[in-house]
Amino acid sequence: MTVSAPDGPAQVLPVFDAFEDAFADLIRWRRDVRHFRRDPIDPEVLPKLLDLANLAPSVGLSQPWRFVTVDAPDRRAAVRAIFAACNAQALAAQSPSRSERYARLKLAGLDDAPCHLAVFADPDPQQGHGLGRQTMPETAAYSAVMALHTLWLAARCVGLGLGWVSILDADRVRAALDLPEHWQMIGYVCIGYPAINSDTPELEREGWEHRQPVDVTRR
Ligand SMILES: Cc1cc2nc3c(=O)[nH]c(=O)nc-3n(C[C@H](O)[C@H](O)[C@H](O)COP(=O)(O)O)c2cc1C
């Protein structure tokens with residue numbers, strides 16, 4: 001479709017309804033992945049995915065997300081140790097009726113995923129001149145979550161899975177990665193080719209929880 005932008009030349013706009021069904025499939029099949037194949041990812045792929053994530057909406061156009069690729073074996077080992085400690089604590093906190101089931105869950109793909117990416121937010125970036133954050137400072141973190149979700153969908157489009165690991169002590173991870181103290185950890189994600197593809201969340205397949213229909217409150 002050709003349209004004229006205000007004060008600009010005619011532009012060809014993409015027609016999005018052509019992939020409405022494919023988009024719905026992408027959403028349905030996105031999945032949080034914890035079982036990865038060890039195949040490497042083409043080094044050109046991740047920068048392209050991060051460029052797309054960088055187009056996510058952000059408060060005041062502040063782009064407060066900070067991406068950290070974690071490749072050094074000692075840093076990965078440190079994060080893995082933090083996960084192991086936090087997961088042991090979480091297991092100990094389970095009710096007796098849940099603890100066996102919790103112990104059986106695989107809650108991170110840290111050992112097999114070829115790519116480890118830590119996502120942080122700068123809570124007070126210069127970019128954006130503070131617009132929108134006076135009343136809701138948490139919107140910097142929300143913006144970084146938007147970027148992470150964009151990355152998640154973009155990865156799925158090229159056959160890659162992403163697994164979000166939050167069973168971590170954020171302060172310890174930040175210290176292990178030697179990052180600025182004011183950065184807020186949003187998530188530590190594993191990226192790689194999924195060993196299993198499914199349209200059903202793993203927690204549902206394992207009988208831990210079930211997705212519920214959408215609930216809307218009306219006033
Ligand atoms: C903020 C956030 C944190 C999460 N943390 C973990 C985690 O630490 N370990 C894990 O296995 N899954 C984690 N997940 C994935 C959820 O368990 C998963 O999204 C949910 O079960 C629905 O499954 P689906 O993403 O495949 O649809 C996290 C997801 C989000 C959005």
Side-chain angles (χ1 to χ4, degrees), residues 23-37 49 53 56-58 64-68 70 76 78-94 98-113 115-121 123 138-174 176-177 183-215:
F23 181 69
D25 283 342
L26 172 65
I27 301 285
R28 285 196 198 98
W29 285 83
R30 171 197 41 80
R31 286 298 63 74
D32 183 90
V33 175
R34 307 108 197 234
H35 301 268
F36 292 97
R37 299 188 344 232
L49 299 180
S58 61
W65 40 80
R66 304 290 178 259
F67 297 119
V68 182
V70 183
R76 283 193 179 195
V79 172
R80 213 176 282 120
I82 296 167
F83 169 76
C86 293
N87 202 34
Q89 272 182 4
L91 173 61
Q94 297 301 311
R98 284 257 153 188
S99 64
E100 246 181 62
R101 231 178 308 173
Y102 184 93
R104 279 201 301 272
L105 296 174
K106 182 168 169 57
L107 295 170
L110 294 166
D111 291 331
D112 295 329
C115 171
H116 285 203
L117 182 79
V119 182
F120 286 79
E138 62 272 31
T139 48
Y142 296 170
S143 303
V145 174
M146 303 292 296
L148 212 170
H149 190 235
T150 304
L151 174 69
W152 205 334
L153 296 178
R156 193 68 187 85
C157 280
V158 295
L160 288 167
L162 180 151
W164 189 322
V165 189
S166 60
I167 305 168
L168 290 167
D169 178 325
D171 289 337
R172 286 185 62 201
V173 172
R174 194 177 40 237
L177 301 181
W183 283 14
Q184 179 185 359
M185 194 171 93
I186 300 300
Y188 191 96
V189 301
C190 298
I191 304 174
Y193 293 98
I196 305 161
N197 282 294
S198 173
D199 64 352
T200 307
E202 182 158 336
L203 291 186
E204 193 155 349
R205 300 198 308 267
E206 297 294 330
W208 179 266
E209 188 52 279
H210 297 278
R211 201 184 281 295
Q212 302 300 322
V214 67
D215 182 20

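Order of listing sets the numbers, starting from 1, for every ligand and every atom in it.
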Pairs under 3.5 angstrom only: tabulate donor-acceptor contacts from the side chains of residues 157-171 to other protein residues two or more places apart or in another chain.
residue: Asp169; atom: OD1; partner: Asp171; partner atom: N; Å: 3.0
residue: Asp169; atom: OD1; partner: Arg172; partner atom: N; Å: 3.1
residue: Asp171; atom: OD1; partner: Arg174; partner atom: NH2; Å: 2.4

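Arg31 places a side-chain N or O within donor-acceptor distance of the main-chain N or O of Asp199, the cut-off being under 3.5 Å.
With values rounded to the nearest 0.5 angstrom, His149 atom NE2 is found 5.5 Å from Arg30 atom CZ. Taking CG of Leu153 as the start and CZ of Phe23 as the end, the distance is 6.5 Å to the nearest 0.5 Å.
Listed as neighbours of ligand 1 are Arg30, Arg31, Asp32, Arg34, Leu107, Trp164, Val165, Ser166, Ile167, Pro201, Leu203, Arg211, each bearing a heavy atom under 4.0 Å from the ligand.
Remark: Arg211 engages no residue in a side chain to side chain donor-acceptor pair (under 3.5 Å) (not counting sequence neighbours). With sequence neighbours excluded, the residues forming a side chain to side chain donor-acceptor pair (under 3.5 Å) with Arg156 are Asn197, listed by chain and number.
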